[in-house]
Amino acid sequence: MKSRLILTAVLSAVVILFQSFMSIQTGQTEKQKYTVLFSEGDFEIRHYPSATVATMRSSARNYRELSGSGFRRIAAYIFGDNASQEKIAMTSPVHMSIGDGGSSMSFVMPSGYDLSNLPSPNDPAVKLEKTPDEYVAAVRFGGYANDETIRVNVERLENLLRQKGIRSMGNHRYLGYNPPYQVVGRRNEVIASVEWKGGSERPPASR
């Protein structure tokens, strides 16, 4: 009995240390830059400058379908499945857009890259693109994302936008910030492009 308790305590300590390490590693991963223009609880209006992304489009109709095949194919590109066999650092978040007319997944490229110095993907389904500057509304939630939690937070975002008289445009997008094996401190967001007329004021620092 005593040895079982000791083993349980040791395993618990290993899990806690591993999760603490993963939280530190996630914190050190380069994140896509944006500026917060308005904040109220978990709701924000942000300005995202143009970014370079690797994107794969598919006919997936839900998060489960898109997150599997889409992630593997873009991950292969940054792990060296490209014309120069170059490894490219992972950033966060991963972007997913899911709609009846088609879906897409995008990895934001590290800030030192643009279309002129990125190696070409070997997979023709992976495309390198430049996103436009945009204003978005975002809501944040924790835990593991799935189709139901994304749906609930899409509704939450739309309700907040209606209350504030802000119009959204296009598909809602899901942003995932953590690897699947990180249990503690998970961050998820649902965002939508918006028409923002709140002025051009900026907070002291971008995130």
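Numbers for residues simply follow the sequence, beginning at 1. Computation of the quantities below employed the complete heavy-atom set of this structure, encompassing side-chain atoms and omitting hydrogens, waters and symmetry-equivalent molecules.
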Main-chain N/O of V108 paired to T91 side chain as donor or acceptor, under 3.5 Å: yes

Backbone of G80 reached by a side-chain donor or acceptor of E86 within 3.5 Å: no

T131 side-chain N/O to A51 backbone N/O, donor-acceptor pair under 3.5 Å: yes

Going by the angle between their ring planes, with limits at 30° and 60°, are Y63 and Y174 parallel, tilted or perpendicular? perpendicular

To the closest 0.5 Å, what do you measure between CZ (F141) and CG (N188)? 4.0 Å

Regarding K127 and T55, is there a side-chain donor-to-acceptor distance under 3.5 Å anywhere? no

Spacing of CD1 belonging to I150 relative to CG belonging to L157, to within rounding of 0.5 Å: 13.0 Å

Using salt bridge (Lys or Arg N to Asp or Glu O under 4.0 Å) as the criterion, list what pairs up with E129, not counting sequence neighbours. R57

Do D81 and N122 meet the criterion of a side-chain donor-acceptor pair at a distance under 3.5 Å? yes

For residues 173-184, pull every pair meeting salt bridge (charged side-chain N to carboxylate O under 4.0 Å, His left out), keeping only residues two or more places apart or in separate chains. E134-R173

Taking R156 first and then E158, would you say they form a salt bridge - that is, a charged N and a carboxylate O separated by under 4.0 Å? no

For P93, enumerate each residue passing the side chain to side chain contact (heavy atoms under 4.5 Å, CB included) test, keeping only those at least two apart in sequence or located in another chain. Q32, H95, L175, Y177

Is a donor on one side and an acceptor on the other found under 3.5 Å between the side chain of E65 and the backbone of R61? yes

Determine, for D42 against R140, whether the closest basic-nitrogen to carboxylate-oxygen distance falls under 4.0 angstrom. no

For D133 and S50, which heavy atoms make the closest approach, and how far apart are they? OD1-N, 2.8 Å

Can we say E155 and R151 salt-bridge, meaning some charged N sits less than 4.0 Å from an Asp/Glu carboxylate O? yes

